[in-house]
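Naming: A, B, ... by sequence-line order, numbering from 1 per chain.
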Amino acid sequence: RKEVEQDPGPFNVPEGATVAFNCTYSNSASQSFFWYRQDCRKEPKLLMSVYSSGNEDGRFTAQLNRASQYISLLIRDSKLSDSATYLCVVNDPRSGGYNKLIFGAGTRLAVHP
Amino acid sequence: NAGVTQTPKFQVLKTGQSMTLQCAQDMNHNSMYWYRQDPGMGLRLIYYSASEGTTDKGEVPNGYNVSRLNKREFSLRLESAAPSQTSVYFCASSEPGQGAGEQYFGPGTRLTVT
């Protein structure tokens with residue numbers, strides 16, 4: 001079983017749609033959670049951290065369910081520029097701290113006109 | 001402020017050849033990382049350096065060595081390249097501790113081993 005699992009997609013949605021991505025992680029001791037964005041043939045970049053209470057950044061909302069070991073990302077009013085791969089990331093608790101991250105394989109989003 | 005830089009951007013090697021991938025960061029970060037990214041597998045950690053003078057193995061260290069030359073630079077060496085090492089290699093840096101969640105990546109090196 002992969003430590004961080006994501007639906008690879010692709011999710012093909014029209015502009016203006018709302019789309020949700022889900023992610024599950026296997027180690028209940030993980031304490032830090034993130035969503036990264038990776039454009040085609042580019043490096044990953046941090047999109048947002050995910051807090052226990054849930055958090056929102058403009059059109060993006062992230063939620064965490066520790067009991068189910070489940071993380072979600074909701075994108076409202078999709079733009080063409082949102083087309084990318086979204087990586088679910090958790091810290092590796094075996095590293096004895098927060099230094100190491102475990103990346104999911106990513107969910108690809110394609111927004112069309 | 002260039003962030004994280006990597007050289008080269010592209011490389012083709014024959015099986016058995018060696019090479020060193022260079023990485024440098026100008027953000028004064030203590031921690032640096034080397035990852036490889038393969039289709040369908042996500043980023044996998046090869047080696048990391050929590051601070052200058054220390055290096056530790058990640059998930060897939062076999063066939064690689066690293067050197068933390070100073071606080072800015074962290075190199076990755078392939079001593080005898082194999083086709084299984086064909087991949088995209090990313091270097092990253094961060095602050096240690098809880099700041100490690102925000103890692104800054106270089107643009108990557110696309111390596112093909114024939």
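Within the 3.5 Å criterion, the main-chain N or O of A/Y51 finds a donor-acceptor partner in the side chain of A/N55. Side chain of A/S83 to backbone of A/L80: a donor-acceptor contact under 3.5 angstrom is found.
Looking at A/K45, neither its backbone nor its side chain comes within 4.5 Å of chain B, counting heavy atoms on both sides. Only the side chain of B/Q37 comes within less than 4.5 Å of a heavy atom in chain A; its backbone stays farther off. Both the backbone and the side chain of A/P44 come within contact range of chain B, with heavy atoms under 4.5 Å apart. No part of B/Y104 comes within reach of chain A, as not one of its non-hydrogen atoms sits under 4.5 angstrom from that chain. Looking at A/Q6, neither its backbone nor its side chain comes within 4.5 Å of chain B, counting heavy atoms on both sides.
By the salt bridge (Lys or Arg N to Asp or Glu O under 4.0 Å) test, B/D56 pairs with no residue at all, sequence neighbours left out. A search for side chain to side chain contact (heavy atoms under 4.5 Å, CB included) contacts involving B/R68 returns B/Q25, B/M32, B/S49, B/T55, B/K71, B/F74, not counting sequence neighbours. Here B/D26 pairs with nothing under the salt bridge (Lys or Arg N to Asp or Glu O under 4.0 Å) rule; sequence neighbours left out.
Checked options A/N22, A/L47, A/T107; the residue passing with A/L73 is A/L47 (criterion: side chain to side chain contact (heavy atoms under 4.5 Å, CB included)). Just one residue in the list B/H29, B/E102, B/Q103 forms a side-chain hydrogen bond (donor to acceptor under 3.5 Å, both in side chains) with B/S93, and that residue is B/H29.
Under the 4.5 Å side-chain contact rule for hydrophobic residues, B/L78 and B/W34 share a cluster.
For residues 106-114 of chain B, heavy-atom neighbours of chain A at less than 4.5 Å comprise B/G106, B/P107, B/R110, sorted by residue number.
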